[in-house]
Amino acid sequence: MGNKNHRKSIRSLNQRIDEHQEKIKLEYEKDYPNQGLIREHQKINYPKIVGWIR
């Protein structure tokens, strides 16, 4: 995989992380946040992904 494809993959992973963090934030803002949904969005091991893409 070339350097261009690596950058594209990194961009895509960063976008997915941002999407999950936004969903978690929106869920916490509700009167009764769904803890199961929050856990589901937190399943991604962000440090592992960040370590992998660096």
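Scanning for side chain to side chain contact (heavy atoms under 4.5 Å, CB included) contacts around Glu29 gives Lys25, Leu26, with sequence neighbours left out. The side chain to side chain contact (heavy atoms under 4.5 Å, CB included) test applied to Ile38 returns Ile24, Glu27, Tyr28, Pro33, Gln35, Gln42, not counting sequence neighbours.
We find the CG-CZ distance between Asn34 and Arg39 to be 8.0 Å, quoted to the nearest 0.5 Å. To the nearest 0.5 Å, atom CD1 of residue Ile10 and atom CG of residue Asn5 are 11.0 Å apart. Between atom CD of residue Glu40 and atom NZ of residue Lys23 there is a gap of 10.0 Å, rounded to the nearest 0.5 Å.
Distance alone, capped at 3.5 Å, places no donor-acceptor pair between the Ser12 side chain and the Lys8 backbone.
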